[in-house]
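Before any comments, here is the structure.
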Amino acid sequence: MSETKKIMIGLLLGVAVGLGLAALPGNIYDVTNTYLLSPVGTVFLNLIKMLVVPIVFFSIILGVMGLGDPKELGRVGTKSILFFLTTTAIAIVLALGVASIVKPGERGDFPTTGLEFDASGSEESSNIVQTLVNMIPTNPIQALAEGNMLQIIVFAAFIGFALIALGDKAKTWRRFVKQGDQVMMYLIHLVMKLAPYGAFALIASAIGGIGFAAVQAMAWYMFAVVFTLVLHSVVVYGGAVALLGKMNPIFFFKNFYEAMTFAFSTSSSNATLPVSMEVAQKKLGVPRSISSFVQPLGATVNMDGTAIMQGVATIFIAQVFATDLTMAELVTVVITAVLASIGTAGVPGVGLVMLALVLQSVNLPVEGIALIIGVDRVLDMLRTSVNITGDAACAVVVSKLEEKHLPAVDEDSWDEVDAK
């Protein structure tokens, strides 16, 4: 049985067990989650996260070596950022449109008093200029220790350029990077054998913690978010892959399904990086030099799924508090969410922090976020799948657009150089 099927079985069993625990009386769920589900899920996530930073570090260096030319990296980076910003803008516009039609905030009796939400950190996360400045690490070791992806990408890119410039003088370094990457990929394959059990524990914990009452009360809100996520994936990503990437969308989704399933179980774009990069390279045919740069960058700044949640949540909260947003305010929501997708890179709880910033931009009460927190865990799993799918779609598109500029061989050519 393939690993994907095993993960799917784990997810389905996790959903069933989670629903069963949610229906049981008393504190059965709390005890089961505390002593079984949460520890198993946390151990699995920690094993994956343990490997993310070294895998990204080695992959970025190899990717830069494969591109060979700083100008090529600049072209790839520019096209990637344009793709991410464009799809994020489209995502939030779709979300605003769907939420305005579905009207989830008018389909229930929601409280408007006694709500609390700590929005601290949203002001800092909105400083895009400071984010760009902070991309250059003052202490690369600290950046690696803290998992600051933007700083790791920049530092690794500089090392890649240095290894190209030094040529034979850096032969030992090139072998170290190549072998380090191989060691990390072996370890990720080893850890992935535990994925079905980790997926089971994580989804059972998430589903069981929601409860039927919360799902029933927020059903229309959840429907609006899920519908927009699916619409965006099929129409925007599928269209981009077909028109720009010259790839059959059915082939794309069928072969990338494994990574999407893994992202759903982990609810973390960074934790899914090793899997999503390997799937894109081996099953979608994305060159290593493109995949190893575009996908880590996307995991940091591309948040289409989160943007969709923000759009639907903004309309939902406006409807709950009986506030009509003008066209100018809707445009403000779009612009703020797109810019915040870069400005909030690496901020813990990034989705809700970004939402607080968006609400503040149109003078909506930030306390309204308390209404959606209960069901946000499951929706976070879904939008993570969408986020990493967007990263892969971008990698497919960029690799096609850069097809004429890519070297005939990738980073493996350095083995031939070293052998001589």
Side-chain angles (χ1 to χ4, degrees), residues 80-102 104 119 122 125-126 128 131 221-240 260 263-264 267-270 272 295 297-318 325 329-362 364 366 368-369 372 375-376 378-394:
S80 300
I81 293 295
L82 288 176
F83 182 94
F84 292 146
L85 294 180
T86 301
T87 56
T88 301
I90 295 173
I92 196 165
V93 169
L94 283 175
L96 293 173
V98 170
S100 298
I101 295 173
V102 175
S122 60
S125 67
S126 64
I128 298 174
T131 300
Y221 167 77
M222 295 178 70
F223 168 77
V225 174
V226 173
F227 177 79
T228 311
L229 289 172
V230 173
L231 181 66
H232 185 71
S233 298
V234 173
V235 176
V236 179
Y237 294 155
M260 296 171 67
F264 179 81
S267 188
S268 170
S269 295
N270 286 341
T272 311
Q295 289 179 275
L297 179 64
T300 307
V301 303
N302 180 42
M303 301 180 183
D304 289 4
T306 305
I308 287 171
M309 178 275 289
Q310 294 165 8
V312 175
T314 298
I315 297 297
F316 170 76
I317 292 172
L325 297 178
E329 288 175 325
L330 292 176
V331 172
T332 300
V333 169
V334 174
I335 295 174
T336 304
V338 170
L339 295 179
S341 67
I342 295 179
T344 52
V347 177
V350 63
L352 297 180
V353 171
M354 289 170 65
L355 177 57
L357 176 64
V358 171
L359 294 176
Q360 290 169 347
S361 70
V362 290
L364 286 174
V366 175
I369 296 177
I372 68 172
V375 297
D376 190 66
V378 171
L379 294 178
D380 187 29
M381 301 168 84
L382 289 168
R383 62 179 182 254
T384 301
S385 297
V386 172
N387 287 342
I388 64 111
T389 304
D391 301 340
C394 180

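Remember, it's a predicted structure, so these values are computed and weren't measured experimentally.
- When all heavy atoms are compared, the tightest approach of Asp380 to Ser267 is OD2-OG, 2.8 Å.
- Taking all atoms of both residues into account, the shortest heavy-atom contact from Met260 to Thr389 is CG-OG1, 3.3 Å.
- Taking each heavy atom of Asn270 and Ala299 in turn, the nearest pair found is OD1-CB, 3.7 Å.
- Note that OG1 of Thr272 is 6.0 Å distant from CD1 of Ile388, once rounded to the nearest 0.5 Å.
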Between Thr314 and Ile92, does the side-chain contact (heavy atoms from CB on, under 4.5 Å) criterion hold? Intermediate values first, please.
CA-CA 10 Å; Thr314 298; Ile92 196 165; over 6 Å; no
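- By the 4.5 Å heavy-atom criterion applied to side chains, Val98 and Val312 are not counted as neighbours.
- Interatomic distance, CD of Gln295 versus OG1 of Thr300, reported as 12.0 Å (0.5 Å rounding).
- Residues Leu96 and Ile315 meet the side-chain proximity criterion, which asks for heavy atoms closer than 4.5 Å.
- Considering only residues two or more places apart in sequence or on other chains, Asp376 meets the side-chain hydrogen bond (donor to acceptor under 3.5 Å, both in side chains) condition with Arg383.
- The ring-ring contact (aromatic ring centres under 6.0 Å, His included) test applied to Tyr221 returns Phe316, not counting sequence neighbours.
- In terms of the side-chain hydrogen bond (donor to acceptor under 3.5 Å, both in side chains) criterion, Ser385 has no residue partners (sequence neighbours excluded).
- To the nearest 0.5 angstrom, Ile372 atom CD1 is 8.0 Å from Leu379 atom CG.
- Not counting sequence neighbours, the partners of Asp304 by the side-chain hydrogen bond (donor to acceptor under 3.5 Å, both in side chains) test are Thr87, Thr88, His232, Tyr237.
- Between the OG1 atom in Thr332 and the CG atom in Leu325 there is a gap of 9.5 Å [rounded to 0.5 Å].
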Under 3.5 Å, side-chain donor or acceptor atoms of residues 223-231 against the rest of the protein: list the pairs with distances, not counting sequence neighbours.
unit_1, atom_1, unit_2, atom_2, d
Thr228, OG1, Ala224, O, 2.6

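- Considering CE of Met303 and CG of Asp391, their distance stands at 10.0 Å, rounded to 0.5 Å.
- Closest approach of Ala99 to Pro104, counting heavy atoms only: O-CD, 3.4 Å.
- In this view, Thr86 and Ile90 satisfy the side-chain contact (heavy atoms from CB on, under 4.5 Å) rule, not counting sequence neighbours.
- Here the straight-line distance linking atom CG of Asn387 with atom OG1 of Thr306 works out to 4.5 Å at 0.5 Å rounding.
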